[in-house]
Peer 1: 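A single structure is presented below for examination.
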Amino acid sequence: MSAISKPVAFIIGYGSNVGPAVARKFKAEGFNVAVSARTLDEKAAKEDGYLVIRADFGDIASVRNAFDRLESELGPAAAVVYNAYSVYMGNASDPLASSYETFLNNVNVTGVNVYEVARRTKAGFEKLPEETPRAFIGTGNLQPWINVSAFLGLSVGKRALANIVEASAGAYGPQGHRFYFAHEVIGATGGSPLPPTGQAHADVFYRIWKQKEQGPWEVCFTETGALYDRAAGKIVD
């Protein structure tokens, strides 16, 4: 497979756990991979064979510049993974303790600016060959369904991310432009894992990308990569 014919994966919010695991998986499966974060070890990422795009996803101009560079150097992405977030670790007894600016940055990075990411992702999908699978995958958590007052900005952002994904999946999924909110739970309890399991995310995200149909926009999975029915509270595969 020549470099120009390889599909492109864009991993946003590279970090130190989920992002690197997902990047390695897509690279091993034959993708050209771009990784993006505000701060990262650029030398190490380049040695791993990735295009490095420094960007602040709290800044819309930076978001747009990141996609411009991606498409100019690698082409439109067939897989976009949004793993970026911002969090203020507050106190449940005082959820309004952070400044407005801190709260707004948490919400923007985690959720609101995903609107522009989703728009640019969809525009890129429309440029791909018809036979190429395409998927946007937002790294989620349980916060759209539970109250976590100590992390109010993160919680509001994750709810925004889920809403954007749900609306996009319903509108564009039937056209093959698929959108997902994918999150890990502990298989034994259905609770949130700390830390999340990078390899499980990588395996599930790649499996999602290979799907032929949209299917449910929420994908819940365990630390082993097994699918989990959140409503029923049980593993389903």
Peer 1: Listed by chain and number, what are the side-chain contact (heavy atoms from CB on, under 4.5 Å) partners of V52, not counting sequence neighbours?
Peer 2: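 Partners of V52 by the side-chain contact (heavy atoms from CB on, under 4.5 Å) criterion, ordered by chain and then number, come out as V35, L40, E42, A45, K46.
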
Peer 1: Is it true that V165 and L154 fall in one hydrophobic cluster, defined by side-chain heavy atoms closer than 4.5 Å?
Peer 2: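 Different clusters.
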
Peer 1: Please list, chain by chain and in numerical order, all residues satisfying salt bridge (Lys or Arg N to Asp or Glu O under 4.0 Å) with K27, sequence neighbours excluded.
Peer 2: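 K27: no salt bridge (Lys or Arg N to Asp or Glu O under 4.0 Å) contacts found.
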
Peer 1: Check whether Y180 reaches the backbone of Q214 with its side chain - one donor and one acceptor, N or O, closer than 3.5 Å.
Peer 2: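 Confirmed, Y180 side chain pairs with Q214 backbone.
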
Peer 1: Donor-acceptor pair, distance only, cut-off 3.5 Å: does the side chain of R134 make one with the backbone of R178?
Peer 2: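 Looks like no, no N/O pair under 3.5 Å.
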
Peer 1: Show me the pairs that pass ring-ring contact (aromatic ring centres under 6.0 Å, His included) and involve residues 136-167, at least two apart or across chains.
Peer 2: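 Matches after skipping sequence neighbours: F136-F179, W145-F181, W145-H183.
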
Peer 1: Are any of the side-chain heavy atoms of V156 and T110 separated by less than 4.5 Å?
Peer 2: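 When only atoms from C-beta onward are counted, T110 and V156 do not touch, as no gap falls below 4.5 Å.
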
Peer 1: By salt bridge (Lys or Arg N to Asp or Glu O under 4.0 Å), which residues pair with K43, not counting sequence neighbours?
Peer 2: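 Checked K43 against salt bridge (Lys or Arg N to Asp or Glu O under 4.0 Å); matches are E47.
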
Peer 1: Mind jotting down which residue pairs meet the salt bridge (charged side-chain N to carboxylate O under 4.0 Å, His left out) criterion with at least one end in residues 101-116? Sequence neighbours excluded, please.
Peer 2: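 Those involving residues 101-116 are R64-E116, E116-R119.
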
Peer 1: State whether F205 and K25 meet the cation-pi test: NZ (Lys) or CZ (Arg) under 6.0 Å from the six-membered ring centroid, and within 45° of the perpendicular axis.
Peer 2: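 The answer is no; the distance or angle limit is not met.
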
Peer 1: Who are the salt bridge (Lys or Arg N to Asp or Glu O under 4.0 Å) partners of R38, not counting sequence neighbours?
Peer 2: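 Counting only residues at least two positions away or on another chain, R38 forms no salt bridge (Lys or Arg N to Asp or Glu O under 4.0 Å).
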
Peer 1: Looking at residues at least two apart in the chain, or sitting in another chain, which of them share a salt bridge (Lys or Arg N to Asp or Glu O under 4.0 Å) with E166?
Peer 2: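 Testing E166 for salt bridge (Lys or Arg N to Asp or Glu O under 4.0 Å), a comparison that skips the adjacent residues, returns none.
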
Peer 1: Measure across D41 and A44 and return the closest heavy-atom pair with its distance rounded to 0.1 Å.
Peer 2: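 Residues D41 and A44, closest heavy atoms: OD1-N, 3.1 Å.
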
Peer 1: Using ring-ring contact (aromatic ring centres under 6.0 Å, His included) as the criterion, list what pairs up with Y50, not counting sequence neighbours.
Peer 2: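 ring-ring contact (aromatic ring centres under 6.0 Å, His included) check on Y50 returns nothing, list empty.
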
Peer 1: Has Q211 got a side-chain atom pairing as donor or acceptor with E213's backbone, closer than 3.5 angstrom?
Peer 2: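 Yes, Q211 side chain to E213 backbone: donor-acceptor pair under 3.5 Å.
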
Peer 1: Quick one: salt bridge (charged side-chain N to carboxylate O under 4.0 Å, His left out) pairs with a partner in residues 219-233, sequence neighbours left out?
Peer 2: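 Sorted pair list: E218-R230.
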
Peer 1: Go through the steps for F67 and T121 under the test side chain to side chain contact (heavy atoms under 4.5 Å, CB included), then give the verdict.
Peer 2: CA-CA 8 Å; F67 274 88; T121 296; 3.8 Å; yes

Peer 1: Using side-chain heavy atoms (C-beta onward) and a distance below 4.5 Å, is F57 in contact with S62?
Peer 2: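 Of all side-chain heavy-atom pairs linking S62 with F57, none is under 4.5 Å.
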
Peer 1: What pairs of residues pass the side chain to side chain donor-acceptor pair (under 3.5 Å) test when at least one of them lies in residues 86-99, not counting sequence neighbours?
Peer 2: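 Checked against side chain to side chain donor-acceptor pair (under 3.5 Å) - neighbours excluded - the pairs reaching residues 86-99 are S86-N105, S86-N106, N91-S93, S99-T102.
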
Peer 1: Assigning hydrophobic clusters by single linkage (Ile, Leu, Val, Met, Phe, Trp, Tyr; side-chain heavy-atom cutoff under 4.5 Å), is L51 placed with F10?
Peer 2: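 Shared cluster, yes.
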
Peer 1: If you compare all heavy atoms of A182 against all heavy atoms of I208, which two are closest, and at what distance to 0.1 Å?
Peer 2: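 Minimum heavy-atom contact is CB-CD1, 4.1 Å.
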
Peer 1: Scan for ring-ring contact (aromatic ring centres under 6.0 Å, His included) pairs involving residues 216-237, sequence neighbours excluded, and state none if there are none.
Peer 2: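 Those involving residues 216-237 are H201-F221.
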
Peer 1: Output every pair passing side chain to side chain donor-acceptor pair (under 3.5 Å) with a member in residues 65-77, not counting sequence neighbours, ordered by first then second residue.
Peer 2: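 As it turns out, the side chain to side chain donor-acceptor pair (under 3.5 Å) pairs with a partner in residues 65-77, which skip direct neighbours, are D68-R120, R69-E73, E71-K127.
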
Peer 1: Supply the atom-to-atom distance N113 CG to I12 CD1, rounded to the nearest 0.5 angstrom.
Peer 2: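 N113 CG to I12 CD1: 11.0 Å, rounded to 0.5 Å.
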
Peer 1: Checking side-chain polar atoms at under 3.5 Å, does N83 have a donor or acceptor matched by the opposite partner on T139?
Peer 2: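 Yes, T139 and N83 have a side-chain donor paired with an acceptor closer than 3.5 Å.
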
